[in-house]
Amino acid sequence: MTSVESASTRPLRPRRSCLAVPGSSQKFIDKARTLNSDQVFLDLEDACAPLAKPGARKTIVAALNEGGWGEKARVVRVNDWTTEWTYRDVVEVVEGAGANLDAIMLPKVQTPQQVVALDLLLTQIEKTMGYEVGKIGIEAQIENALGLTNVNEIATASRRVETIIFGPADFMASINMKSLVVGEQPPGYDVGDAYHHILMSILMAARAHDKQAIDGPYLQIKDVDGFRRVAGRSAALGFDGKWVLHPGQIDAANEVFSPSQEDYDHAENILDAYEWFTSEAGGKRGAAMLGDEMIDEASRKMALVISGKGRAAGMQRSDKWTPPEA
Ligand code: GLV
Ligand code: MG
């Protein structure tokens with residue numbers, strides 16, 4: 001199986017804004033239904049106290065089966081494999097609500113074997129319950145040095161993997177970074193971006209294997225400008241989306257991870273123009289001028305990325321290129 005084959009078998013879901021919701025809170029779950037995030041993930045891990053986890057599994061199953069999630073990707077974050085909770089999280093949630101669930105998020109992934117273990121468990125449950133085998137995706141969170149070292153193998157460990165997610169809070173703790181402010185530079189490091197290597201490693205693994213790259217949380221939930229600044233960095237690199245912890249961060253994420261109207265129009269115009277110039281009517285040209293700009297096959301590929309993001313975000317064209325008069 002090549003990564004191209006594996007990618008083509010999975011649905012591409014918009015994930016500009018991935019809303020974290022504690023699985024133990026009925027109030028937050030009810031609120032989440034009404035919000036316009038692309039994804040919601042109901043959390044059994046760190047936003048859910050150990051004593052609340054058994055009850056939260058039941059709350060989550062009921063919430064998924066009740067519906068009302070619209071077009072949102074529905075995801076549940078289970079506990080990581082080093083705990084005693086993971087298998088029960090998966091069995092209870094997927095047996096109870098697998099038909100109404102798009103993916104399981106696996107935190108603190110360190111090795112490809114941990115993804116394989118989840119894949120095998122999901123397959124057994126799908127077979128037992130009569131669900132389509134392979135339908136439920138996996139989102140793999142990279143949260144420590146070993147996980148980052150293995151990120152390529154993790155990305156390809158199962159056909160189910162849809163996203164690679166950066167978990168900055170756990171990551172910072174695991175490498176002993178001298179900072180408590182997630183997303184901001186550690187004091188004393190004044191020569192660049194301390195997260196660049198981590199973000200780029202995740203992005204390269206995601207792009208090499210046709211997965212989505214998702215940035216993790218920004219904890220200063222009242223500081224929407226700070227959120228925009230940090231989200232803008234990963235969006236500029238090419239990330240597909242970011243976690244949101246509060247309704248106030250959702251619009252910012254949807255905006256930052258969508259192309260601007262100008263870039264979207266430009267990308268659609270490049271695609272139209274390139275299609276026409278390479279056609280019989282347009283002279284079967286490999287390179288052509290669009291206004292003052294030369295476009296070729298590489299321009300088309302770049303335009304496809306922007307137009308794909310814009311279309312996924314439901315954008316409409318405000319300007320349309322027309323072929324020159326013959
Ligand atoms: C998220 O899980 C994080 O650790 O940042
Ligand atoms: Mg974490």
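Order of listing sets the numbers, starting from 1, for every ligand and every atom in it. Predicted model, so just to flag it, every value in this text is computed and none were measured. Position 1 is the first residue of the sequence; numbering continues from there.
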Using only heavy-atom distances, determine whether the side chains of Gln110 and Asn150 contain a donor-acceptor pair under 3.5 Å.
->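 No - no donor-acceptor pair under 3.5 Å links their side chains.
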State, without any angle test, whether Asp265 and Ser318 hold a side-chain donor-acceptor pair at a distance under 3.5 Å.
->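 The criterion, which ignores hydrogens and geometry beyond distance, is satisfied for Ser318 and Asp265.
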Salt-bridge test for [X] and [Y]: reply yes if a basic N is under 4.0 Å from a carboxylate O, no otherwise.
X	Y	answer
Asp89	Arg57	yes
Arg229	Glu184	yes
Lys211	Glu162	no

Tell me, please: is [X] in heavy-atom contact with ligand 1, that is, under 4.0 Å?
X	value
Lys108	no
Phe166	no
Pro217	yes
Pro168	yes

Between Val244 and Cys18, is any pair of side-chain heavy atoms under 4.5 Å apart?
->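 In short, these two side chains do not touch, never coming nearer than 4.5 Å.
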Validation row: Asp240, Thr163 side chains within 4.5 angstrom (heavy atoms) =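 No, every pair of side-chain atoms sits at 4.5 Å or beyond.
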What is the number of protein N, O or S atoms that sit under 2.8 Å away from the Mg ion (ligand 2)?
->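 Excluding waters, the total comes to 2.
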What are the atoms of ligand 1, with element, lying closer than 4.0 Å to any heavy atom of Asp170?
->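 Listed by number with element, the hits are 3 (C), 4 (O), 5 (O).
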Side-chain donor/acceptor of Ser24 to backbone N/O of Cys48, under 3.5 Å =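 No: the side chain of Ser24 does not pair with the backbone of Cys48.
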Counting only N and O atoms by type, is there a donor-acceptor contact under 3.5 Å from the side chain of Tyr189 to the main-chain atoms of Lys178?
->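 No, Tyr189 side chain to Lys178 backbone: no donor-acceptor pair under 3.5 Å.
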Below 6.0 angstrom between ring centroids: does that apply to Phe171 and Phe166?
->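 Yes, close enough.
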Per-residue contact class, Glu143 against ligand 1 - non-hydrogen pairs under 4.0 Å |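 The answer is the side chain of Glu143.
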Between Arg77 and ligand 1, which residue portion shows a heavy-atom distance shorter than 4.0 Å: side chain, backbone, both, or neither?
->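 Contact part for Arg77 vs ligand 1: side chain (C-beta onward).
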Atom pair OG1 (Thr83) and NZ (Lys108), whose distance is rounded to the nearest 0.5 Å =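 Between Thr83 OG1 and Lys108 NZ, I get 9.0 Å after rounding to 0.5 Å.
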Report the nearest protein non-hydrogen atom to atom 2 (O) of ligand 1: residue, atom name, distance rounded to 0.1 Å.
->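 It is Gln141 NE2, 2.9 Å.
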Quick one: look up the protein heavy atom nearest atom 5 (O) of ligand 1 and list residue, atom name and how far away it is.
->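 Nearest neighbour among protein heavy atoms for atom 5 (O) of ligand 1, to 0.1 Å: Ala169 N, 2.7 Å.
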Within the structure, does Trp243 bring an N/O atom to less than 3.5 angstrom of an N/O atom in ligand 1?
->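 No - when backbone and side-chain N and O of Trp243 are compared with those of ligand 1, no distance drops under 3.5 Å.
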